[in-house]
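Here's the structure we're looking at; comments come further down.
In what follows, chains are A, B, ... by sequence order, proteins preceding strands, each numbered from 1.
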Amino acid sequence: MQIDLILPDERVLNLEGPLPVDDAIAAVSEGLLRRAIAVELDGEILDRHSEIKTSGRFRILTNKDEESLSVLRHSTAHLMAYAVQELYPEAKFAFGPDVEDGFYYDILVDESFTPDDLVKIEAKMKELAKGKHPFIKKIMSRQDAADYFAEKQQDFKVEHVGELPEEEEISFYEVGEFVDLCGGPHVADTGMLKAFKLRTVAGAYWRADETREQLQRIYGTSWFKAKDLEAYLVRLEEAEKRDHRKLGQQLGLFGMKEEAGGGLAFWYPKGTVLREQIENWWKQAHRERGYDMVVTPHIFKGDLWRTSGHLDFYAENMYTFEQDEQTYVVKPMNCPGHILIYQDDLKSYRDLPQRLAELGTVYRYERSGTLHGLMRVRGFTQDDAHIFCTPDQLVDEVTKLIEFSRDLHAIFGFTELTTELSVRDSANKSKYIGEDEEWDAAEASLMEAVDRVGLSVKRMEGEAVFYGPKIDVKLKDAIGRSWQTSTIQFDFNLPRRFNVEYVGADGQHKHPYIIHRALFGSLERFIGILTEHHAGEFPLWLAPVQAIVLPLSEHFRDYGEKVVEELRKAGLRADLDAKDEKLGYKIRQAELQKIPYMIVVGAKEQEAGGITVRSKKSGDEGSFSIADFLNRALDEIANKH
RNA sequence: GCUGGUGUAGCUCAGUGGUAGGGCAACGCACUCGUAAUGCGUAGGUCCACGGUUCAAGUCCGUGCACCAGCUCCA
């Protein structure tokens, strides 16, 4: 059989096949044989243990290719399992894939792994790696595979074999004494595994099922070069330095109080200033776009939540209490409140769209283990709005929303966004409320709006919530992590349950469409993201303290006070460091507090009636008149840089 | 909620069953200072909470709470 391999430079190799991958590599270049990790054939990664059976586009992967890393990491996972098997012969192995930046393996053993154990396992891995054990691929029949693992008492593997599709070839990889059910691909031998490190151990369920065995998951990372491993560990440290929980504490922004309970944030004075800046901008931006601000109560009677369906579907996440023989609910969402306001009078089609917005603080009971700083809390403020509109207003409204979300992100320095469109599972329509035509109209208007704005959108089949399709926006932060922020959701449920209506041009009463949307998502979470994005160095317009005046000694304190007063009068958030310390000390404190401008005043400045400016960004900037500095700072604030 | 880890002064962290410690911060004194930490001194503790073991518990055991890493969940 002739096999044609098309190389990246469009050259075509004609080979007699099927042939081992190594032979194909050698046909391209003998030299590459030493450096090749795997090959790609028509998008599929084949390792050097495989055979080439078909023609296609062919590419050789070396340690410079991104794809090779996942091969390396997957192999490192096997090496780790091998080491664990050596140290814990009774261990049962589940899954051990490569993941972003590393790999893990889920393992069942009686005792629990300690950090010390990880050190031992890692040492064993190093020892085994030096043995340059080749990875050897084997094929077995389904029955032999099941028997083999049954004999080894590898229960998870037996279960897994039973679940593989009938037609699938069952392959194994053997490395030293460790044999694993595995489709590959793998590196040639363990000698390639040099730069790895075991990181943490955590619980995980077999098949991610809470009712099944809980296993121990060991996470590790693996790289081709020690230098890359080092760089990765530095990157982790960087991320740690940006941790909003740590910065929130250091910069006096916010904190959690054990006495108050988990998942409840306290906003300190500086954090409150930051929040206010964001809220003020938000309110202004919404008024400009035709939103009406409303405020609704934090608790209301259970009946309302029965009407909305929350008591039936969302009860376990709600805080409720009894008063006057009534159940009251602390609101987990703002929708019912906004609907009540909408319904205060009978709306005409001429009144629509009606956009009701609220910075609505909601409380949801979240399982304790899910709480995480400001990113996942029990009490948070949604930048919520509900848009009541007619069918022919849909596309316009959604278009405006997507643009609004994009503008809002840009103001805060996020320009890299991804968008997901979640639609219903068309094979299982009964799970969802609403008529086909509503779903189709909603989806069509979402798509049309996305097209108009020129966004690319990822379609997520079956990811819609039961009451309507939605668009979610994710941003990418300064160190490449993505976070979900905006959500734009259709709701076919609440208009029915509350009998929300408007009178159409034909005099008929109709249900309006309700679009539920939040752009920041949660203010707490957004500020957490913002803090990590800027590593605590907020742009001037957001900085809690914008300038701090540093008198050189106590002789210049009075002048310093005068300067502070002038800066404040001009609208700047300025403080005085009146401490009896040297300039170096005060600068260090201001730097640690990440204050954008440090204003030094001494004899020279007092005499001239000016100031010396040091900026966080570029250090000492020399003498300024107060007016010149103010111009510059106010300009910077106005531009939101 | 589950698995594992952690909880000691405002912060950050030491602490071997036998009198509770360092650094930073705070406060006082001296210095009166020019671009990332001046020196000396003083004060500061429910060792997360509640039980238990022990002559004796920050330390060992149990329960609860909070936090951390994951898992799970995320109308």
Distance flag, aromatic centroids of [Y] and [X], threshold under 6.0 Å:
{"X": "Phe466(A)", "Y": "Phe313(A)", "result": "yes"}
{"X": "Phe498(A)", "Y": "Tyr342(A)", "result": "no"}
{"X": "Phe380(A)", "Y": "Phe520(A)", "result": "no"}

What nitrogen or oxygen pairs link the protein and nucleotides 64-68 of chain B at under 3.5 Å?
unit_1, atom_1, unit_2, atom_2, d
C65(B), O2, Glu258(A), OE2, 3.3
C67(B), OP1, Gly263(A), N, 3.4
C68(B), OP1, Arg245(A), NH1, 2.9

Base, sugar-phosphate alone, or nothing: which one does [X] contact when heavy atoms must sit under 4.0 Å apart?
{"X": "Lys586(A)", "value": "nothing"}
{"X": "Ala603(A)", "value": "base"}
{"X": "Glu605(A)", "value": "base"}

Is there a side-chain polar atom (N or O) of Tyr219(A) under 4.0 Å from OP1 or OP2 of C71(B)? yes

So which one's nearest nucleotide on RNA chain B is more toward 5', Val601(A) or Ser308(A)? Val601(A)

Nearest-nucleotide wise, let me know which of Gln216(A) and Gly584(A) is further upstream toward the 5' end of RNA chain B. Gln216(A)

When the [atom1] atoms of [M] and [N] are compared, how many Å lie between them, rounded to an integer?
{"N": "U42(B)", "M": "C24(B)", "atom1": "P", "result": "15 Å"}
{"N": "C74(B)", "M": "G17(B)", "atom1": "P", "result": "46 Å"}
{"N": "A37(B)", "M": "G1(B)", "atom1": "P", "result": "46 Å"}

G-U wobble or Watson-Crick pairing nucleotide for [N] (cut-off 3.5 Å, both distances):
{"N": "G4(B)", "value": "C68(B)"}
{"N": "C73(B)", "value": "none"}
{"N": "G44(B)", "value": "none"}
{"N": "A14(B)", "value": "none"}
{"N": "G39(B)", "value": "C29(B)"}
{"N": "C50(B)", "value": "G62(B)"}

Taking the inter-plane angle between the rings of His516(A) and His386(A) on a 0 to 90° scale, is it parallel (under 30°), tilted (30 to 60°) or perpendicular (over 60°)? perpendicular

Geometric class of the Phe624(A)/Phe629(A) ring pair [parallel <30°, tilted 30-60°, perpendicular >60°]: perpendicular

Regarding [X] and [Y], do their side chains bring together a donor and an acceptor under 3.5 Å, going by distance alone?
{"X": "Glu621(A)", "Y": "Ser618(A)", "result": "yes"}
{"X": "Asn317(A)", "Y": "Glu366(A)", "result": "no"}
{"X": "Lys331(A)", "Y": "Thr296(A)", "result": "yes"}

Counting primed atoms plus P, OP1 and OP2 as sugar-phosphate and everything else as base, spell out the protein contacts along nucleotides 22-33 of chain B at 4.0 Å heavy-atom distance: B, S or - for each nucleotide, 5' to 3'. ---SS----BBB

Output the single nucleotide from [options] whose closest atom is nearest the side chain of [X].
{"X": "Arg217(A)", "options": "C71(B), U35(B), A36(B)", "answer": "C71(B)"}
{"X": "Thr612(A)", "options": "U72(B), G34(B), A37(B)", "answer": "G34(B)"}
{"X": "Arg367(A)", "options": "G70(B), C73(B), C71(B)", "answer": "C73(B)"}

Which residue pairs satisfy the salt bridge (charged side-chain N to carboxylate O under 4.0 Å, His left out) criterion with at least one member in residues 598-609 of chain A, sequence neighbours excluded? none

More than 12 non-hydrogen atoms from neighbouring residues, nucleotides or ligands closer than 6.0 Å to OH on Tyr559(A), yes or no? yes

